Student: 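Okay, handing you the structure first.
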Amino acid sequence: MAVAKRKSGSITAEKPQKKVKAAKESKAAAAPVSNKKTIFGKVLEGEEDDDEDEGELEAEPIRDDDEDNGMDIDGAAGAQNVPQKNKIPTKEANAQKKALREERRSHKPNSELIVPAKKLWEKLRLKELPKEERQQVMKEMMALITGKVQDIIFKHDMSRIIQSCLKHGNEVQRNVIAGELVGHYLTLSKSMYGRFIVIKILHYCSKYREAVIKEFYGKVRQLIKHKEASAIIEDAYSTYASSAQRAALIQEFYGPEFRLFKVEDKKTLGEILEQNPIKKDNIMKHLMETLKGCMEKGTVAFSIVHRGLLEYFEHADAKGIQEMLDMMKEQAVEILHTKEGAQVAMLCLLHASPKDRKAMLKTMKPFVVKICKEEYGHMVMLRMFDVVDDTVLMSKAILSEIIKEMEDIAKDKFGRRVILYLLAGRSPKYISPMNIELLAKGDLVRANTSKKDAAIRSAELLGYISPALISLIATKPRSLTTEPLACQVLLETMLHATGDKSPAVHALLDLAAADPAQSTSDAPHVLLSMPTDRLYKTLVQSDYKAPLAEPSLHFGKALLMKMSPYIGFYVQKNHSAFIILALLENPESAKETRELLSKSSSSKGSITVQKEMEKMIKAKPEKEVMAVRLILETLAK
DNA sequence: ACCGCCTTAAGTAC
DNA sequence: GTACTTAAGGCGGTGC
């Protein structure tokens with residue numbers, strides 16, 4: 001499992017950004033799977049699960065050719081996992097083999113340590129071991145291994161014993177082990193079995209974290225390309241390093257002179273370049289080479305590489321950017337799971353030629369829906385909408401995918417922003433100021449790399465997506481109105497979508513026409529529940545004031561007709577008063593609304609709706625009847 | 001433009 | 001390490 005998690009070449013690979021500390025959530029969770037944060041429904045955390053010794057076992061490739069690793073005391077697990085050799089096992093052969101094994105073992109150094117340690121380990125790794133007993137086992141184990149830790153860690157079986165000690169030992173015992181390994185962390189990280197120990201020490205021994213990371217200094221470029229060690233560098237960088245340590249690690253991408261002499265207070269490449277403008281060419285060259293190596297070694301999914309890439313793009317000249325672009329355009333889809341990676345992908349789209357953009361779109365097509373729903377990935381979609389001139393291509397490659405899952409995306413925290421962007425552009429209502437700025441920064445470059453007028457481009461995209469949005473509202477209005485977030489998409493569609501919106505209007509009016517007395521908490525009436533009555537009010541207002549719907553929906557008059565049978569109910573319950581107010585202000589419905597309010601409020605009583613309101617305004621606290629007061633003031637005019 | 005809630009990061013105590 | 005506290009930032013809600 002752990003080995004598989006690093007598979008590259010797929011967007012579904014786990015996101016390498018700072019690991020979410022999800023441990024707390026997991027504790028009480030009933031479902032055993034739930035202790036791993038997932039994205040796209042896939043496990044993100046991989047081997048971080050400390051509760052599973054088995055995870056470690058499977059994490060390591062089983063070597064069936066090495067007798068040292070014969071799991072003879074490992075019981076069933078080992079026997080199952082080690083494929084039998086082709087030889088037909090006979091009693092004699094087995095006995096012979098066993099003797100040979102014992103013979104060899106007794107010649108090994110530390111054999112007198114290994115055998116009892118394995119016995120103890122059998123106990124230690126049990127999940128349910130009484131606390132006192134576990135402490136006792138640890139004590140005996142520590143007596144065995146203290147002073148010898150660095151001699152035995154490179155052995156497959158012993159490394160697992162040490163891992164267990166780190167997991168089950170107390171703070172002092174853990175630090176003893178970590179302390180003995182000081183000076184060996186570099187070699188350990190490159191070792192097939194030792195690297196798991198480094199991960200455990202980073203995790204459990206906060207006192208030694210700095211020491212471990214410092215041993216990587218000077219070797220980052222080498223380690224990031226190493227089959228075993230790259231994952232550790234990434235883990236150290238993204239999960240355990242402080243921001244200063246992260247800067248120190250990334251500085252090694254800049255060139256040899258930064259390997260040992262860290263720039264302490266200058267943290268970003270920008271600051272370093274400002275200090276040493278002369279070195280820029282050299283630094284950029286080294287950065288480029290390092291990144292190139294990472295890409296060739298398939299470590300693009302690592303967040304440390306994303307930062308390097310972003311810094312490169314931010315400071316490279318046009319030629320340098322092109323060079324990088326050629327190298328990674330098809331891998332952009334791999335990196336957009338992290339904040340920095342998404343920014344890199346955005347920059348790639350921005351600087352790419354139409355042909356390159358087409359290639360990038362093609363790689364992203366299978367993952368469009370997933371990308372839309374990602375915290376950072378969705379911004380890449382927005383950038384794509386900004387810069388790709390060929391809107392027919394966009395429709396075929398991207399929008400068609402969105403349309404297929406429109407409902408799902410419209411309800412999604414991040415996905416809805418993608419749709420809202422097509423409808424409402426860079427509205428600060430839906431996009432944070434920071435992200436608006438990020439997009440705006442690229443517009444200067446876009447002037448050179450994109451030909452089409454921005455307004456025309458967005459109109460074309462909107463034209464393509466509008467029918468699907470309208471039909472979604474027409475066919476599933478309930479599904480959207482029950483989700484507050486989806487209401488935003490609903491509103492912006494009604495305001496900005498192009499084409500015939502009447503099917504959607506009718507669907508919304510039908511919902512409003514229901515008897516409000518039948519409203520239940522399960523299926524609340526649209527005019528009685530919070531986000532939706534606001535939506536209807538805004539739609540009534542869209543007939544006569546900003547934000548205007550174009551062309552007009554003539555919503556007010558139609559809504560009034562649906563509401564009028566229940567007007568007494570709405571007023572008595574002090575509901576939907578703001579809608580009534582809007583109807584009264586709306587020139588298309590003002591007259592009819594006035595008439596309605598002067599009629600009797602219910603079949604039995606002779607009192608008019610207006611009188612009812614006057615009574616209410618005296619009886620209730622001012623805050624609750626603000627809208628009613630405004631209605632009365634408007635009527636008095 | 002403002003406010004309150006929530007999540008996350010960082011720091012501290014046990 | 002876990003639990004707890006605090007600080008900061010983002011985001012949704014806010015109906016004259």
Side-chain angles (χ1 to χ4, degrees), chain A residues 17-28 35 37 48-51 131 134-135 138 163 165-178 199-209 238-246 338-339 375-376 378-379 411-417 420 427-438 483-489 491-492 527-542 545-547 570 574-586 617 622-634 637:
Chain A
Q17 70 184 99
K18 191 146 196 157
K19 277 178 188 152
V20 196
K21 279 157 194 156
K24 279 163 211 149
E25 296 161 28
S26 71
K27 255 217 184 134
N35 67 339
K37 274 255 168 166
E48 270 318 291
D49 50 344
D50 281 329
D51 295 334
K131 215 175 166 185
R134 192 183 291 285
Q135 283 171 352
M138 270 308 296
Q163 284 175 54
C165 292
L166 286 165
K167 178 174 164 183
H168 297 295
N170 61 30
E171 195 180 333
V172 179
Q173 293 165 331
R174 284 167 177 165
N175 285 337
V176 167
I177 296 172
I199 288 171
K200 283 268 187 292
I201 286 175
L202 281 170
H203 188 69
Y204 288 116
C205 308
S206 48
K207 275 199 188 125
Y208 282 89
R209 236 172 244 166
S238 68
T239 310
Y240 302 111
S242 66
S243 62
Q245 288 166 337
R246 265 185 242 176
T338 65
K339 196 175 176 183
E375 180 173 6
Y376 304 110
H378 77 274
M379 286 298 292
K411 290 178 181 179
D412 183 81
K413 188 170 180 224
F414 303 111
R416 86 203 145 86
R417 293 190 195 159
L420 288 166
S427 163
K429 246 169 35 185
Y430 308 120
I431 307 173
S432 68
M434 246 178 53
N435 282 339
I436 289 184
E437 202 192 329
L438 187 68
E483 300 249 347
L485 290 180
C487 283
Q488 297 171 336
V489 173
L491 173 67
E492 297 298 339
L527 301 186
L528 302 184
S529 70
M530 196 37 179
T532 42
D533 73 334
R534 217 186 150 88
L535 165 73
Y536 278 79
K537 185 213 67 177
T538 313
L539 289 175
V540 171
Q541 289 176 332
S542 78
K545 72 175 197 187
Y570 289 120
N574 192 21
H575 268 128
S576 316
F578 282 98
I579 296 177
I580 298 170
L581 180 62
L583 288 168
L584 209 53
E585 287 173 352
N586 187 337
I617 208 170
E622 198 177 320
K623 235 189 145 181
E624 287 176 32
V625 290
M626 205 135 54
V628 178
R629 211 184 63 228
L630 287 165
I631 291 172
L632 292 171
E633 279 169 18
T634 311
K637 275 179 207 161

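Model, not experiment: these values are computed from the prediction. Chain A is the first sequence line, chain B the second, and so forth, proteins listed ahead of strands; every chain is numbered from 1.
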Student: Salt bridge check, A/R629 against A/E633: does any charged N sit closer than 4.0 Å to a carboxylate O?
Tutor: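 Here A/E633 pairs with A/R629 in a salt bridge, since their nearest N and O are under 4.0 Å apart.
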
Student: Please report, rounded to the nearest Å, how far the P atom of C/dT2 is from the NZ atom of A/K131.
Tutor: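 Roughly 13 Å, once rounded to whole Å.
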
Student: What integer distance in Å separates A/F414:CZ from B/dT7:C1'?
Tutor: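 Interatomic distance, CZ of A/F414 to C1' of B/dT7: 11 Å.
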
Student: Taking salt bridge (Lys or Arg N to Asp or Glu O under 4.0 Å) as the test, write out the residues that go with A/K207, two or more places apart.
Tutor: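 With sequence neighbours excluded, A/K207 shows a salt bridge (Lys or Arg N to Asp or Glu O under 4.0 Å) to A/E171, given in chain and number order.
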
Student: Roughly how many Å is it from OH in A/Y376 to C1' in B/dT8, rounded to a whole number?
Tutor: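 Going from A/Y376 (OH) to B/dT8 (C1'), I get 10 Å.
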
Student: Between A/I579 and A/Y536, what is the shortest heavy-atom contact and its length?
Tutor: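 Here A/I579 and A/Y536 meet closest at CD1-CB, 4.0 Å.
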
Student: Applying side-chain hydrogen bond (donor to acceptor under 3.5 Å, both in side chains), can you list everything that pairs with A/R416, at least two apart in sequence or on another chain?
Tutor: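 A/R416 satisfies side-chain hydrogen bond (donor to acceptor under 3.5 Å, both in side chains) with A/Q488 once adjacent residues are dropped.
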
Student: Write down the atom of A/N586, the atom of A/V540, and the distance for their closest heavy-atom approach.
Tutor: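 Nearest pair, atom of A/N586 first, then A/V540: ND2-O, 3.2 Å.
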
Student: Between N or O atoms, less than 3.5 Å apart, protein on one side and nucleotides 12-14 of chain B on the other: list the pairs.
Tutor:
none

Student: Between A/K411 and A/A486, what is the shortest heavy-atom contact and its length?
Tutor: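 Residues A/K411 and A/A486, closest heavy atoms: CG-CB, 4.0 Å.
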
Student: Tell me the interatomic distance from A/M434, atom CE, to C/dA8, atom P, rounded to whole angstroms.
Tutor: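 These atoms are roughly 17 Å apart.
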
Student: Who passes ring pair (Phe, Tyr, Trp, His ring centres under 6.0 Å) against A/Y570, sequence neighbours left out?
Tutor: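 Once residues adjacent in sequence are excluded, A/Y570 has no partner under the ring pair (Phe, Tyr, Trp, His ring centres under 6.0 Å) criterion.
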
Student: So which protein N/O to nucleotides 12-16 of chain C N/O distances come out below 3.5 Å?
Tutor:
{"from": "C/dG12", "atom 1": "OP1", "to": "A/R416", "atom 2": "NH2", "distance (Å)": "2.2"}
{"from": "C/dG15", "atom 1": "O6", "to": "A/D533", "atom 2": "OD1", "distance (Å)": "3.4"}
{"from": "C/dG15", "atom 1": "O6", "to": "A/D533", "atom 2": "OD2", "distance (Å)": "2.6"}

Student: Which whole-number value in Å describes the distance from A/Y240 OH to B/dA9 P?
Tutor: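 Interatomic distance, OH of A/Y240 to P of B/dA9: 14 Å.
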
Student: Take the protein atom CG of A/N435 and the nucleotide atom C1' of C/dG10, then report the distance between them rounded to whole Å.
Tutor: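 After rounding, the gap between these two atoms is 10 Å.
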
Student: Going by side-chain hydrogen bond (donor to acceptor under 3.5 Å, both in side chains), name the residues that satisfy it together with A/E492, two or more places apart in sequence or in a different chain.
Tutor: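 Listed in chain order: A/Y430, A/H496.
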
